[in-house]
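Start at 1 with the first residue, then count along the sequence. Just so you know, these numbers come straight off a predicted model, no measurement behind them.
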Amino acid sequence: MAVDIKNLNHNQLNDLISKAQIRQDELRKEKVAKLREKVHALIKAEGYSFDDIFGSARGAKTRRTKTPVAPKYRNPANAEQTWSGRGKRPRWFNDALKAGKKEKDLAI
């Protein structure tokens, strides 16, 4: 199928491009489906299940739970304010350093 694109106007070209992109997506999806069937057939022929090979949760990523870190520094003016030493320095920490204190003075 040959299309003479030199004789097409702007709207016809845009229409042709969008139809071609839709068809390209359809072909890709068909190819992926065929490949998926081949993979499942191969796994089954070897005597395994999909979960045996790729894990029980398809596409699910394991999430790390954030565990709190023990504080390393304490505000001498307010004992409730602490900092673990990670992330951005709190304002009270910077103010204490500007006032002449050292990090070891603020350590717990």
Side-chain angles (χ1 to χ4, degrees):
M1 175 180 126
V3 176
D4 186 16
I5 60 173
K6 290 183 180 183
N7 293 330
L8 299 177
N9 65 27
H10 188 270
N11 291 336
Q12 291 170 329
L13 277 174
N14 284 336
D15 187 43
L16 179 64
I17 290 170
S18 66
K19 286 180 181 178
Q21 287 174 337
I22 290 169
R23 180 63 182 143
Q24 191 176 33
D25 290 340
E26 289 172 355
L27 289 173
R28 182 185 172 283
K29 288 177 184 176
E30 289 173 10
K31 192 171 184 178
V32 167
K34 287 179 184 178
L35 181 60
R36 185 177 289 127
E37 289 174 10
K38 285 181 184 179
V39 169
H40 280 287
L42 180 61
I43 290 171
K44 189 175 181 180
E46 293 293 325
Y48 295 100
S49 70
F50 186 86
D51 292 341
D52 291 339
I53 304 298
F54 295 106
S56 60
R58 272 200 238 174
K61 295 182 181 179
T62 57
R63 289 189 170 186
R64 294 172 128 188
T65 56
K66 291 185 178 183
T67 56
V69 179
K72 288 174 75 177
Y73 303 101
R74 185 178 313 272
N75 184 355
N78 183 353
E80 291 181 6
Q81 293 179 334
T82 59
W83 180 49
S84 66
R86 294 184 180 181
K88 186 177 176 182
R89 287 180 174 174
R91 184 171 285 139
W92 62 262
F93 191 86
N94 286 331
D95 291 343
L97 293 178
K98 286 178 187 175
K101 296 207 180 232
K102 298 192 186 293
E103 283 187 24
K104 65 180 181 178
D105 297 335
L106 302 172
I108 296 177

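Annotation: side chain of Trp83 is not in contact with side chain of Leu106 (no heavy-atom distance under 4.5 Å). The shortest distance between side-chain heavy atoms of Val39 and Ile53 does not fall below 4.5 Å.
Cluster annotation: Tyr48 and Leu42 are assigned to distinct hydrophobic clusters (Ile/Leu/Val/Met/Phe/Trp/Tyr, side-chain heavy-atom contacts under 4.5 Å, transitive).
Screening residues 70-86 for salt bridge (Lys or Arg N to Asp or Glu O under 4.0 Å), with sequence neighbours left out, gives no hits. Sorted by first and then second residue, the salt bridge (Lys or Arg N to Asp or Glu O under 4.0 Å) pairs involving residues 37-46 (not counting sequence neighbours) form an empty list.
The side chain to side chain donor-acceptor pair (under 3.5 Å) test applied to Ser49 returns Asp52, not counting sequence neighbours. Checked against side chain to side chain donor-acceptor pair (under 3.5 Å), Glu103 has the following partners two or more places apart in sequence or in another chain: Tyr73, Arg89. With sequence neighbours excluded, no residue forms a side chain to side chain donor-acceptor pair (under 3.5 Å) with Asn11.
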Identify each donor-acceptor pair in which a side-chain atom of residues 18-30 lies under 3.5 Å from a protein atom, sequence neighbours left out, and give them as a table.
unit_1 : atom_1 : unit_2 : atom_2 : d
Ser18  : OG     : Asn14  : O      : 3.4
Ser18  : OG     : Asp15  : O      : 2.9
Lys19  : NZ     : Asp15  : OD2    : 3.4
Arg23  : NH1    : Glu26  : OE1    : 3.3

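Heavy-atom minimum distance, Ile108 versus Pro71: CD1-O, 3.6 Å. A pairwise comparison of heavy atoms in Gln12 and Asn9 identifies N-OD1, 2.8 Å as the closest pair.
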